[in-house]
Amino acid sequence: MSDRRTKDQDADEPSPYAVGRRKPPLHTQFQKGQSGNPRGGSRAQSARRARALALEEAYRLVTVREGNKVMRLPAIQAMMRNQLALAVKGNGPAQRAMLAAIDAMEKELAAEAAAEERAEAERGPINYIDGARRIAFLFREAYKEIGKPQPAKLGDQIAGLLAAETPKTESDAGDG
């Protein structure tokens with residue numbers, strides 16, 4: 001190791017600091033409070049940028065000739081048409097890839113439909129009073145939009161509906 005001393009930029013006399021292996025000169029070390037990567041971005045930022053570029057390219061319009069027709073399609077659609085054409089012609093890997101892609105899409109659609117059904121079941125049926133409130137709100141908004149005052153008779157009827165005791169759901173109404 002050398003016994004070189006580096007000069008402190010603020011002082012005239014050298015400071016006792018041994019420069020050597022894993023000990024860079026003071027003036028080249030990272031300064032406190034300053035990033036070690038001042039002009040660069042994070043790896044996650046680079047990955048997001050790459051995904052955005054890939055999606056942009058996938059949806060870029062390309063010219064495709066099919067028979068004697070020329071069409072402009074997104075690149076991803078053109079690729080899928082080509083893959084499907086290969087699968088129909090008997091290309092085994094293309095057939096497996098298309099079946100896997102279609103299976104994944106069908107599973108995703110089924111999961112979305114099941115989630116929608118669960119959400120609807122959790123909401124439960126709407127009771128009559130809530131329905132009347134919603135209808136009253138819609139009437140008020142409609143009359144505001146057309147700029148006319150709401151008829152008093154209509155307001156009385158809605159108030160009567162809201163005050164009346166009605167069954168909570170259609171199944172509570174019974175056969176009547």
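When atom types are taken as modelled, the side chain of Q83 and the backbone of A97 share no donor-acceptor pair closer than 3.5 angstrom.
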Can you check side chain to side chain contact (heavy atoms under 4.5 Å, CB included) on E141 and L138, steps first, answer last? CA-CA 5 Å; E141 293 299 311; L138 291 173; 5.7 Å; no

Between R81 and L73, does the side chain to side chain contact (heavy atoms under 4.5 Å, CB included) criterion hold? Intermediate values first, please. CA-CA 10 Å; R81 279 185 177 205; L73 302 172; 4.0 Å; yes

Candidate pair V70 and T63, rule side chain to side chain contact (heavy atoms under 4.5 Å, CB included), full reasoning: CA-CA 7 Å; V70 176; T63 304; 3.3 Å; yes

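Here F139 contributes atom CZ and K144 contributes atom NZ; the two are 15.0 Å apart, rounded to the nearest 0.5 Å. Taking CG of L53 as the reference point, atom CZ of R49 lies at 8.5 Å (rounded to 0.5 Å). Here the CG atom belonging to L55 is positioned 9.0 Å from the CD1 atom belonging to I76, to the nearest 0.5 angstrom. Atom-to-atom distance recorded for Q77:CD and L61:CG is 9.5 Å, nearest 0.5 angstrom.
Ion pairing between K69 and E66 fails under the 4.0 Å rule for side-chain N and carboxylate O. Salt-bridge formation is detected for the pair D103/K107: a Lys NZ or Arg NE/NH1/NH2 atom is positioned less than 4.0 Å from an Asp or Glu carboxylate oxygen.
Contact annotation: the side chain of V19 never approaches that of P24 to less than 4.5 Å [non-hydrogen atoms, C-beta and beyond].
Sparse packing is recorded around CD of E145, with 12 or fewer heavy atoms of other residues, nucleotides or ligands lying under 6.0 Å away. Within a 6.0 Å sphere centred on CZ of R65, other residues, nucleotides and ligands contribute 12 heavy atoms or fewer. The local environment of CE in M80 is sparse, with at most 12 non-hydrogen atoms from other residues, nucleotides or ligands closer than 6.0 Å.
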Identify all side-chain donor-acceptor contacts of residues 114-124 below 3.5 Å with residues at least two apart in sequence or on another chain.
residue	atom	partner	partner atom	Å
E120	OE1	R123	NH2	3.2

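M98 approaches A87 most closely through the heavy-atom pair CG-CB, 4.1 Å. Smallest separation of non-hydrogen atoms from V62 and A75: CG2-CA, 4.0 Å. Smallest separation of non-hydrogen atoms from Y143 and P149: CD2-O, 3.8 Å.
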